[in-house]
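Structure record follows, encoded as structure tokens.
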Amino acid sequence: MKIKIIILMFNLLLINVVAQTLPIKITGSVEDICMNPTISPNGEFVAFTKAGYQGIWIYKFSDNSINQITDEIASGFAMQWSPDSKFILSRPAYYDGPIRYNAVKIYNAETAEAIQLTDYRTKMPSLPRWSNYNENVFIVTNNQIESFITGLTATTEQKQNTEQVLVYLTSDDRIGVKDLISNTMKIFEPIPGKKCMNISVSPDNQRIAFEIYGGNLYSMKIDGTELIDLGKGYRAKWMSDSQHLIYMITEDDGHQFTSSDIYIIKFDGTEKRNITNTNDKIELSPSASFMNNKIVFEVFHEGSIYFMNLD
């Protein structure tokens with residue numbers, strides 16, 4: 001009898017653990033496609049966009065509310081949360097006939113108030129990124145770093161915990177690292193003759209993850225040493241421990257995705273695991289919060305966004 005009770009309790013515990021780690025749908029459908037989810041560092045919000053990367057919406061976990069903060073073209077392409085989870089940095093666009101213009105803007109995630117940092121330009125190849133916690137934003141134009149004052153303020157402690165280093169892609173797709181304290185710059189070409197893309201910097205600013213065009217996913221130290229081939233992988237993002245990456249491995253037929261799953265791997269290539277592992281869903285674009293083990297991703301064909309708590 002005791003053995004039966006123990007087995008029953010174990011099964012109930014197992015069911016509970018599995019239930020906690022199952023993906024839960026946030027929003028989206030084939031009629032209302034939602035995509036490119038980006039979870040806030042504190043894990044309380046998810047920014048996402050819709051078909052064509054037009055507009056930005058904010059989902060709030062505490063009350064399941066969804067609010068739109070802008071409807072601008074391309075604003076949802078490479079949006080980035082501020083470290084304090086209060087603002088979204090973006091590069092919206094508009095068209096004058098065939099000519100595209102871009103600007104750098106910051107959106108208040110609660111009020112939708114916008115701060116425009118640049119004029120609209122015909123040439124803005126790089127994506128804007130935060131620096132000095134939230135007090136500055138930078139872009140790279142013709143391999144020159146342009147820095148803008150945001151008007152936002154950070155505490156002394158917040159700025160002390162922010163490394164004074166800028167990491168970016170150069171115009172010829174190499175990796176640039178600028179030390180703002182010494183005002184020195186280094187350019188890395190990790191795989192000679194190969195272009196880099198989709199760079200991601202660890203929260204402790206010690207390592208960089210990146211892809212090679214037509215090649216694999218890699219990690220290396222910010223000084224260019226300890227280059228590690230992580231195998232096939234796309235759109236990697238660092239997790240809160242600065243040790244692990246969350247990314248996707250996709251398959252396609254040359255025209256569209258045929259399969260995809262979300263994986264986690266340690267920076268040295270160990271501890272790789274498939275955390276979605278489905279045959280009937282194509283999971284893409286993962287993003288992880290820095291305050292807990294919560295992740296979000298989109299499901300292709302469904303047009304939906306999901307979140308999942310990792311054990």
Neighbour count >12 (heavy atoms, 6.0 Å) for atom [atom1], [X]:
X	atom1	value
E113	CD	no
K232	NZ	yes
D253	CG	yes
K86	NZ	no

Problem set entry | I187 reachable from V140 in the ILVMFWY side-chain graph, under 4.5 Å edges |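 The answer is yes; both residues are in one hydrophobic cluster.
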Exercise. In terms of hydrophobic clusters joined by side-chain contacts under 4.5 Å, are V177 and L166 together?
Worked result: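 In one cluster: no.
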Exercise. Taking side chain as C-beta onward, heavy atoms only, is I282 less than 4.5 Å from V299?
Worked result: no
Does the side chain of [X] pick up a donor-acceptor pair with the side chain of [Y] at under 3.5 Å?
X	Y	result
N64	Y59	yes
R235	S285	yes
S260	E283	no
S182	T184	yes

For this session: Would you check if the distance from the ring center of F307 to the ring center of F61 is below 6.0 Å?
Result: yes
For this session: Determine, stepwise, if the pair D268 / Q243 fulfils side chain to side chain contact (heavy atoms under 4.5 Å, CB included).
Result: CA-CA 9 Å; D268 61 3; Q243 296 288 302; over 6 Å; no
Exercise. Parallel, tilted or perpendicular for F138 and Y168, by the 30°/60° rule?
Worked result: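 Ring orientation, 0 to 90° scale: perpendicular.
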Exercise. What pairs with Y120 under ring pair (Phe, Tyr, Trp, His ring centres under 6.0 Å), at least two apart in sequence or on another chain?
Worked result: Y94
For this session: Run the salt-bridge test on K60 and E44 with the 4.0 Å N-O cut-off and return the result as yes or no.
Result: no
For this session: Please list all pairs passing the side chain to side chain donor-acceptor pair (under 3.5 Å) test where one or both residues lie in residues 188-201, with sequence neighbours left out.
Result: N198-E211
Exercise. Which pairs, with at least one residue in residues 129-151 and sequence neighbours excluded, count as a salt bridge (Lys or Arg N to Asp or Glu O under 4.0 Å)?
Worked result: R121-E146, E135-K159
Tell me the closest heavy-atom pair linking [X] and [Y], and the distance in Å.
X	Y	result
A51	M35	CA-SD, 3.9 Å
C34	F48	SG-CE1, 3.6 Å
S171	N143	N-OD1, 2.8 Å

